[in-house]
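Working notes for the structure below.
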Amino acid sequence: MFTAKRIIWPFLGLIVVIALSTQLLFNTRDRLRHVEQLLPQPPPDSIHADDRSNNAGKRPPSKHTQTSDTWTYTPSRDADNPGLTSHQCTQAFPSLYKEIDRSVTAWSQNRNHTIQPADTSVSWRNDAALRLLIHNNKLRILQAKHTHEGYRSRTRATLSQINRALQGATVAGWRLPTIEFSIVVDDMALIPARDYKNPNITVWTYNRRDVDWERDRQWVVPDFNFWHTPAGGDWIDAGDKAAGKDAYFVDKIQKAVWRGAVWTLPEVREKLITQTRNKTWADVEEVDWKKGTYVMRSEDLCRYAFVVHTEGRSWSGRLKYLLNCDSVPIVHDLRFLTHYYHLLVPEGEGQNYIKVERDFSDLEEKVQYYLDRPEEAQRIADNAVRDFRERATTVAAEACYWRKLFEGWSRVAWTPDATEMVTVNVTGEGGGEVQEERLRGMPFGEFLLNDENYP
Ligand SMILES: *[C@@H]1O[C@H](CO)[C@@H](O)[C@H](O)[C@H]1NC(C)=O
Ligand SMILES: *[C@@H]1O[C@H](CO)[C@@H](O)[C@H](O)[C@H]1NC(C)=O
Ligand SMILES: *[C@@H]1O[C@H](CO)[C@@H](O)[C@H](O)[C@H]1NC(C)=O
């Protein structure tokens, strides 16, 4: 066995070298990436030789890859897999769960309070709120509060994301705890003031700010744009389209691009417009959705060397779509954070974006700097691809995050009763009015097809 391996590995090394040179010759960037991902890792015993020399993304998963002690996350194969095991989730995305840890610590240590049913009430919200139950890896809706059309699509997306994460767990043999919680699908949670009758109100939200006193009451979840956004389209489809525009930094349009509405955050977006007006290195325009002027498809932004992100009313879900490009991301100093923003690295070896001031006063200087240094710019773009589109913003990572969140929450919250006693009228033989125990709420599938206000 060992002798055989000693003979085989030098040959495999040769195959990898040949494969790499072939890929370089053909210069197919996507394929090259697959080889690059595979190269630095020492050869685990159970990964087949052909995993290293072929395009692994095109083959069905090897039966060896599910063994937790030898498994290695491989983006080309695993990125769209919502069914990773708990161990695989930890191994593939070790630094993804920071927000969950923060919240668990906040409730178990700082507040020292076990979350109670009343704490997840959404009576303080007029709209855009859900109360949910997870039991036996299945999602049930306990309450859906006045979700007008704008919020309805968010609700459907978020519930679908949770449902996908739950089905993935079942595939992975990962049994999740029974939990009950609430989510606000608005841009901001607007948790009631300190003097509200219940100071322990806590809710899951798409984003939060570090400066807010109520930050510990917010559990940050992946936003609904990981499913769909009107401007960006279906998330998985958008990723494929963006990758279709892959090119080296020097081969992209040598400009910084931005499209959007200004009214959502004039203090930042107007500055961007003025700082870039009439500049040869910028293609920045305000979109008029009604007239359809300056609209640009999400994937076409990827044709530019730099893609600029701006916050909106709050966090703006656009960043993840920009990170689908293999361009250099430019992000201003952010106030709002989402579940993966801590992975943005502004400097050093791991730098994966260019950080600029909120008023974009240093934008020109920085764009010029990197236009003059394409190798440095390429390294940032490559790091961004590795950290986000191949990891943090994948379907695999999103599903992992939800499941780790369900577990984290369960550690500091009460365990709800999944069932309730109800009186039902049974027809037919032996029928009549009977007391029956049944699961609370409405199942996810039924809710999707019903009116969105419930009960
Ligand atoms: C939390 O509260 C419990 C009693 O409710 C107490 O025994 C424990 O010491 C407290 N822990 C901290 C870290 O304050
Ligand atoms: C809020 O939590 C604290 C700490 O557990 C508890 O003493 C207090 O009674 C709670 N308040 C309400 C209104 O539930
Ligand atoms: C930009 O160029 C246009 C057309 O040349 C000119 O009218 C405008 O004043 C310029 N704006 C700025 C801010 O320089």
Side-chain angles (χ1 to χ4, degrees), residues 100-126 129-133 142-143 145 177-184 189-205 208 212-220 253-263 265-288 291 293-294 296 304 306 308 310 330 332 356-368 371 407-417:
I100 302 171
D101 297 340
R102 179 194 69 94
S103 292
V104 170
T105 304
W107 287 88
S108 59
Q109 287 170 30
N110 311 353
R111 297 182 71 95
N112 197 15
H113 170 75
T114 300
I115 295 164
Q116 298 300 315
D119 305 337
T120 62
S121 159
V122 288
S123 57
W124 50 279
R125 286 272 334 181
N126 289 327
L130 304 162
R131 282 199 309 117
L132 305 171
L133 172 72
L142 300 175
Q143 187 180 1
K145 212 168 171 180
T178 295
I179 53 168
E180 187 176 324
F181 54 95
S182 51
I183 299 190
V184 166
L190 307 175
I191 286 178
R194 278 177 219 263
D195 57 3
Y196 185 71
K197 59 190 174 187
N198 180 0
N200 304 319
I201 289 284
T202 185
V203 71
W204 297 13
T205 58
R208 66 173 184 86
D212 289 334
W213 65 270
E214 73 270 31
R215 61 186 176 271
D216 288 352
R217 314 251 215 105
Q218 291 167 285
W219 295 66
V220 182
I253 300 166
Q254 299 292 292
K255 291 182 180 188
V257 69
W258 181 86
R259 289 291 184 278
V262 168
W263 68 267
L265 189 63
E267 68 170 268
V268 164
R269 297 177 172 211
E270 238 159 51
K271 293 273 167 39
L272 173 62
I273 303 259
T274 49
Q275 292 288 357
T276 54
R277 190 45 74 213
N278 290 357
K279 302 285 189 187
T280 53
W281 50 267
D283 184 347
V284 167
E285 298 290 351
E286 178 173 13
V287 168
D288 187 326
K291 288 193 203 138
T293 44
Y294 294 117
M296 188 181 283
Y304 290 77
F306 304 92
V308 182
T310 49
I330 297 180
H332 67 75
V356 294
E357 298 293 338
R358 240 174 128 69
D359 62 4
F360 295 99
S361 51
D362 54 348
L363 179 63
E364 175 158 27
E365 171 202 328
K366 292 198 169 159
V367 167
Q368 293 293 2
L371 283 175
E407 291 188 334
W409 171 267
S410 80
R411 285 204 286 281
V412 293
W414 90 106
T415 303
D417 277 332

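Atoms within each ligand, like the ligands themselves, are counted from 1 in listed order. All figures in this text were calculated on a predicted structure; none of them were measured in a lab.
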Next on the checklist: Can you tell me how the ring of W107 sits relative to the ring of H113, calling it parallel under 30°, perpendicular over 60° and tilted otherwise?
Outcome noted: tilted

Next on the checklist: Is there a polar contact, in the sense of an N or O pair closer than 3.5 Å, between H113 and ligand 2?
Outcome noted: yes

Item to check | Side chain, backbone, both or neither: the part of P199 lying under 4.0 Å from ligand 2 by heavy atom | outcome: side chain

Next on the checklist: Ignoring hydrogens, what is the shortest heavy-atom contact between W124 and L190? Give both atom names and the distance.
Outcome noted: CZ3-O, 3.2 Å

Checklist outcome for this item: If you scan protein heavy atoms around atom 4 (C) of ligand 3, the nearest is N278 ND2, 4.6 Å

Next on the checklist: Closer than 4.0 Å and a protein heavy atom, does any atom meet both conditions relative to atom 11 (N) of ligand 3?
Outcome noted: yes

Checklist outcome for this item: In terms of its nearest heavy atom to atom 13 (C) of ligand 2, the top option of N198, T114, I201 is N198

Next on the checklist: Does any part of the side chain of N198, heavy atoms only, come nearer than 4.5 Å to the side chain of S121, both counted from C-beta?
Outcome noted: no

Item to check | Close side-chain approach of R358 to E267, heavy-atom, < 4.5 Å | outcome: yes

Checklist outcome for this item: On a heavy-atom basis, the closest approach of V122 and S182 is CG1-CB, 3.6 Å

Checklist entry - Under the 4.0 Å line, does any protein heavy atom show up next to atom 7 (O) of ligand 3? => result no

Item to check | R102 side-chain N/O to W219 backbone N/O, donor-acceptor pair under 3.5 Å | outcome: no

Checklist entry - Would you say D119 and ligand 2 have an N/O pair spaced under 3.5 Å apart? => result no

Next on the checklist: Suppose we measure from atom 2 (O) of ligand 2 to each protein heavy atom; which comes out shortest, and what is that distance?
Outcome noted: N200 ND2, 2.4 Å

